[in-house]
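Scroll down for the structure; my scribbles are underneath it.
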Amino acid sequence: MLSIIVRRLAISIVLILVVTFLTYLLQSFLPGDAARAMLGLTGSPDQYQAMRKALHLDEPLIVQYWLYLAGLLRFDLGNSIFTQEPVAHSLAVRSQVSASLVVGTTLVATLLGVGLGMLSVLRGGIIAKILDVFALIAWATPGFWLALLLTTAFSVAIPIFPAIGYIDFEKDLGGWAKSLVLPVAAMSVGGIAAIARITRESMSRELEKEYIRTLRASGVGTGSLVWKHALKNAGLTIITVIGLVFIGSMLGTIFIEQVFALPGLGSLLIDATRLHDIPVIQGVALAFTLTVVVVNLLVDLSYTWLNPKVRTS
Amino acid sequence: MSTIETTTEIVREERPRTQHFMGRLLRKPVALVAIGYLVLIIVLCLGAPIVSKYDPLVQDLYTIQSLPTGDHWLGTDALGRDVVSRLLYGGLVSLYGVGLALVVFAVVGISIGLLAGYTGGLVDRIISTTIEIVLSIPHLVIILAVLAIFGTGMTAPMITLGILACGGLARIVRANTVAAREELYVGAAKVSGLGSGRIIFRHILPNLTGPIIVQLSLFAGNALATQAGLAFLSLGVQPPDPSWGGMVGEASQVILQFPWLLVPSGGIIALTMIAFGLLGDAAREASFETHQRSAGIAVRHKIAPAGDGSAASSSGEDILSVDGLNISFQEAKEIKEIVKDISFAIRPGEIVGLVGESGSGKTVTGLALLDLLPANALVTAKASWFKNVNLQNPAEIKKIRGKGIAMIWQEPMVSLDPVFTVGSQLGEVIKLHNRQLSKAQVRQRAVELLKSVKIKEPEKVLKQFPHQLSGGMAQRVVIAQALAGDPELLIADEPTTALDVTVQADILDLLRDIRRERNMAILLITHDFGVVADLCDSVLVMRYGQIVERGEVVKLFTMPQHDYTRSLLAATPSLVKGTL
């Protein structure tokens, strides 16, 4: 048990180092440098040299990277080249939108996905076939396109939900919820299909196992076999996929926030990509990677809760 | 010793025979349609200058936002450009990106997987850990960083995608290579002095075709989604150059005035994705011979009376009486008869051995009595009674499971739910049969039951999980669980086969004690005449689904009538010396 957590933490640290180093390494390929970009064309050679020194651009790359890492420990992620705003601050401001989207999507996908999967296990036949077709179409439909179709239907043709924009939940809870409905709907379809499918597959696999037969032979009823025994055993697989859906929807915000003009981390990243604003890209990459690390850790911890073999070994 | 042929197994596992993989794949209509569509799209896009009479960039401001017409089959966009022409030219960009990512994904993934699987050891461990880390990287973020650095063009981001994602393919290739390396034919090839290269290309890779095609199809879909997403954000492809994702972006600009544009642009992405998905599904089906086994929860076939069904309950003396039981399985389109017209009876407290080779139908017979067969089983009987309970009525059987008849199996370790403690699952069964018991009383009863199956530290075992028990202990727990409802008949299917020899004798002793203490009848299913000699009062010998001989143990052992019985007896070494 402990060894799994230790291994996960070790891998997480390497993962963070790899991602930060990759994004750091990439900027050395950029023509010109941050000092030039910040000064614009008007800076004098002296100003340029001073700026380079201030940004440690005169040091070797590995030293710069080291200084960057040291900064991370003080929550100093550098400043945006264009707005000069501290990256850490932008991330904090923008993360509420993305968190609302991702958590909402994961919740919806989990509830509907597990529900649909269980329905298909219990009813079988036609529902299982419909689920297969739905899963294929959901996988094949790009989220940003689905988002546009939903907008056309539910904010243009039948204006129920806002087409664009985000409302702070502290200001207007109802408005906040309304502004999330379409983006969450567009993002969760794929997750619903994935979770429903894995629920059905893992449940069917568990229900064929011998412990189920033994319990049934002892008189245990279908309700307990399905909802207690098989579901807890299948839970391991299902939770893994829920973790993947969480991470997938986090990356999905990159496209969806553009469609709905939501000021989250995804649109921050796209703007930074268009502007070649490397410090911001590094910051978002770090935020996303940390989220991946935390999600993986939570999935691991849930294993230990669900699976006594892991817990007691 | 005569050879004993075995009849058809209930569940047939077929080894994937990948030599014929492509043949099987191309026989699937779904695969043909998917491949046909993809080839058509590729040909049309490559031939765009010939196929389309319109230039994708030329604007015709007199016919803007036109719905499909004879001239413009899919209409025109906001600048009057022909949608079909833009789809075809734009398809080239998308297909180039997908193709590039696919090549990188395949070459790097297969090479790394083969290297790790074929070399093994430290190299394997380093590669596997690296793959784990790379697959955790949020790919899209790195791809955007690459785009920020290298600016326009799909080349750099799609190569990056191929590299970052190929770990998934490498893992599958590695696993299959490790498995193939342990196969006999690769060992034989090595012994006969073939070089690594020949072994890999002649013996390992051909067997991997199926799983690789599955991964390639699904990755192609994901690559298309990524490529289209980037183009939608005008990254990688600059307007006015057409691309499928970019056309969705253009459509979104005029969504209020002309929503039609969303349909062809996103539609072709979704259709192409569906083709990739269908191809992947078909390839998965073709690479594994899947057999349809149902969960056995959803549909149940009724046990239909084959005779008049009006026979009275079991005659006074017998606790169980079965008359003319037939069991068959529906497999694909044929029906396989497993048990043919068998009849037998069991008296209270009697231990009856049901003996036969594997595949003779003895296990299936036990399962049929408690209605535990999978849904594709067809069970009929002239009459089948447990005391006054009609075993041809599933609803009746439900009421006696665990209470009238209980059942235990060969593998005790998998007969217990791995994620609940012994106390939890035993308690659930106790509570089920004695609803009025309080929590403390349930616990008390659990301790008593564990004591009755000779478990030394019942309090401790209650808190343990199945994987913490030895095989013998687990079988005792399973027996305790079976006893929780005070059954009058226990069906024990090879209860000692999977256990150590020393433990086997203990479990048989336990069964004997339980019979004595509770006057419980036992139907002991086994292939081992030694066990029969040890425990049973009478025997049924089963072969090819029929009972070929029956009788009292001593009589049958001393004067076997049927050749098959004789050969079984001769094949039991412990009996040759004359234990009787």
Side-chain angles (χ1 to χ4, degrees), chain A residues 11 14-15 18-19 22-23 26-27 29-30 121-124 136 139-142 144-145 148-149 151-152 156 204 207-211 213-220 222 224 226 229 232-233 251 254-255 258-259 269-270 272-273 276 278 281 284-285 288-289 292 296 306-309 312, chain B residues 132-133 136-138 140-142 144-149 221 225 228-229 232-233 235 248 251-252 255-256 259 262 266 269-270 273-274 277-278 293-299 370 372 401-403 406-407 409 411 414-419 425 428-429 432-433 465 467-468 478 481-482 484-485:
Chain A
I11 285 190
V14 176
L15 176 66
V18 167
V19 171
L22 274 181
T23 50
L26 279 171
Q27 69 179 347
F29 291 98
L30 199 61
V121 168
L122 293 171
R123 293 274 174 275
L136 177 67
W139 176 76
T141 310
F144 58 89
W145 183 53
L148 289 168
L149 293 180
T151 308
T152 313
V156 179
S204 303
L207 286 169
E208 281 180 7
K209 286 195 175 164
E210 305 202 15
Y211 71 87
R213 194 177 61 178
T214 309
L215 285 165
R216 188 200 295 279
S218 302
V220 176
T222 304
S224 170
V226 171
H229 294 280
K232 191 169 179 194
N233 277 278
L251 296 175
I254 293 173
F255 301 116
Q258 291 291 307
V259 176
L269 178 61
I270 292 300
T273 304
H276 311 286
I278 299 293
I281 296 179
V284 179
F288 279 8
T289 309
V292 170
N296 284 341
L306 280 170
N307 188 349
K309 245 184 219 172
T312 50
Chain B
E132 193 181 341
I133 292 169
S136 304
I137 296 175
L140 207 49
V141 181
I142 301 295
L144 287 171
V146 167
L147 266 169
I149 304 298
F232 168 69
L233 300 175
L235 294 165
V248 178
S252 73
I255 196 167
L256 290 174
L262 278 176
I269 300 173
M273 294 273 294
I274 286 176
L278 287 176
R293 269 195 301 171
S294 150
I297 288 273
V299 202
L370 276 181
L372 293 174
R401 279 188 196 137
K403 242 181 190 125
M407 191 157 181
W409 280 274
E411 295 278 357
V414 294
S415 288
L416 294 168
D417 187 335
V419 301
Q425 40 200 310
E428 183 181 354
V429 176
L432 201 71
H433 296 302
F465 287 97
H467 72 274
Q468 295 169 304
V478 172
Q481 194 170 303

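Chain identifiers are assigned alphabetically (A, B, ...) following the order of the sequence lines, protein sequences preceding nucleic acid strands; residue numbering begins at 1 within each chain. In what follows, every heavy atom counts, from backbone to side chain, and hydrogens, waters and symmetry copies are set aside.
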Under 4.5 Å heavy-atom distance to chain A, tell me which part of [X] shows up: side chain, backbone, both or neither.
X: B:A484; result: neither
X: B:L416; result: backbone
X: B:V478; result: side chain
X: B:L370; result: side chain

At a heavy-atom distance under 4.5 Å, which candidate from [options] has the highest pair count against chain A?
options: B:L235, B:I269, B:L432, B:L256; value: B:L432
options: B:V248, B:L144, B:L140; value: B:L144
options: B:A270, B:G266, B:G402; value: B:G266

- Leading residue by heavy atom contact count with chain B [cutoff under 4.5 Å; candidates A:G219, A:P142, A:A217]: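 Counting heavy-atom pairs under 4.5 Å, the top option is A:A217.
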
- Item | Pick from A:I278, A:I254, A:T23 with the largest number of heavy-atom pairs that fall under 4.5 Å of chain B |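 With the most close heavy-atom pairs to chain B, the winner is A:I254.
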
Which answer fits [X], side chain, backbone, both or neither, if we ask what part of it has an atom under 4.5 Å from a heavy atom of chain B?
X: A:L251; result: both
X: A:L306; result: backbone
X: A:L15; result: both
X: A:V18; result: side chain

- Message: Can a side-chain donor-acceptor contact be found between B:E428 and A:S224 if the only test is distance below 3.5 angstrom?
- Response: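 Yes.
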
